[in-house]
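Notes to accompany the following structure.
Counting convention: from 1, in listed order, for ligands and their atoms alike.
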Amino acid sequence: MSSNIVWHEASITKTERRTQNKHHSFILWFTGLSASGKSSVANAFARTLFERGNQAFVLDGDNVRHGLNNDLGFDEVSRKENIRRIGEVSKLFVESGQIVLTAFISPYRQDRQVVRQLVEEGEFLEVYVKCSVETCEQRDPKGLYKKARNAEIANFTGISAPYEEPEHPEFILDTERYSIEDCVEQLTSFLTDKGYI
Ligand SMILES: Nc1ncnc2c1ncn2[C@@H]1O[C@H](COP(=O)(O)OP(=O)(O)OP(=O)(O)O)[C@@H](O)[C@H]1O
Ligand SMILES: [Mg+2]
């Protein structure tokens, strides 16, 4: 980084924004296999937060890859860079007082750890969207598992690339057992109990 780049302090602090919003700002980092339900639950929960009058925004893997990260592929180095950039963007959202819900497979523990360390204590909540690869493959809403099985897609998480389960996630959503609505309720209770919303 150039030594000529000097940080300029913001005129409105994160604390002031939180006070005005009347809720904490933080990252809910949904991680899990493709078709585990990250986007479905994140969007359903964002809707609930919005209707409660909370500031919430979803950053979704596919959407970010259409724009900001459209220069990145799916090899390990690209996935790392993908997550790093998303982490930095998420941090800006936290700074702006919002609840940011991220829906990325983010298969590597190390990469998720990088984001955790990017923000302050209590600003990164890892939500493990748990669902067996068998069920994900049965759901296959985008037909990606089928393509991965036919070797039409390389480096597909759960099939031809690893998924490293979170060791100490702040929250686990079992989407095999619970419906999207149940998951939204569980998240609402969890965050209310924590005093975050
Ligand atoms: N309990 C549940 N929770 C979430 N999704 C469910 C559940 N039961 C069934 N589904 C279905 O499973 C699919 C999950 O797809 P979704 O796109 O949300 O997964 P994803 O984790 O975002 O995958 P990707 O990483 O490919 O974007 C949807 O078709 C959804 O309707
Ligand atoms: Mg998704």
Does Glu167 have any salt bridge (charged side-chain N to carboxylate O under 4.0 Å, His left out) partners at least two apart in sequence or in another chain, and if so, which? Arg109
With the threshold set at 4.0 Å, does a side-chain nitrogen-carboxylate oxygen contact exist between Arg18 and Glu123? yes
Closer than 4.0 angstrom, basic N to acidic O: yes or no for Arg149 and Glu137? yes
Check each of Arg84, Arg116, Lys80 against Asp111 using the salt bridge (Lys or Arg N to Asp or Glu O under 4.0 Å) test, and report the only one that passes. Lys80
Six-ring centre of Phe104, Arg79 cation under 6.0 angstrom, axis tolerance 45°: no
In plain terms, say whether Arg85 and Glu81 are close enough for a salt bridge, that is, a side-chain N and a carboxylate O under 4.0 Å apart. yes
Using 4.0 Å as the upper bound for N to carboxylate O, is an ion pair formed by Glu51 and Arg47? yes
Please list, by chain and number, the protein residues whose heavy atoms come under 4.0 Å of ligand 1. Leu33, Ser34, Ala35, Ser36, Gly37, Lys38, Ser39, Ser40, Val41, Ile105, Arg139, Pro141, Lys142, Thr175, Tyr178, Ser179, Ile180
Distances under 2.8 Å only: what protein N/O/S atoms are near the Mg ion (ligand 2), ordered by chain and residue? Ser39 OG
How would you list, by chain and number, every residue that makes a salt bridge (charged side-chain N to carboxylate O under 4.0 Å, His left out) with Glu176, sequence neighbours excluded? none
Which of these, Phe190, Tyr196, Phe30, sits in a ring-ring contact (aromatic ring centres under 6.0 Å, His included) with Phe171? Phe190
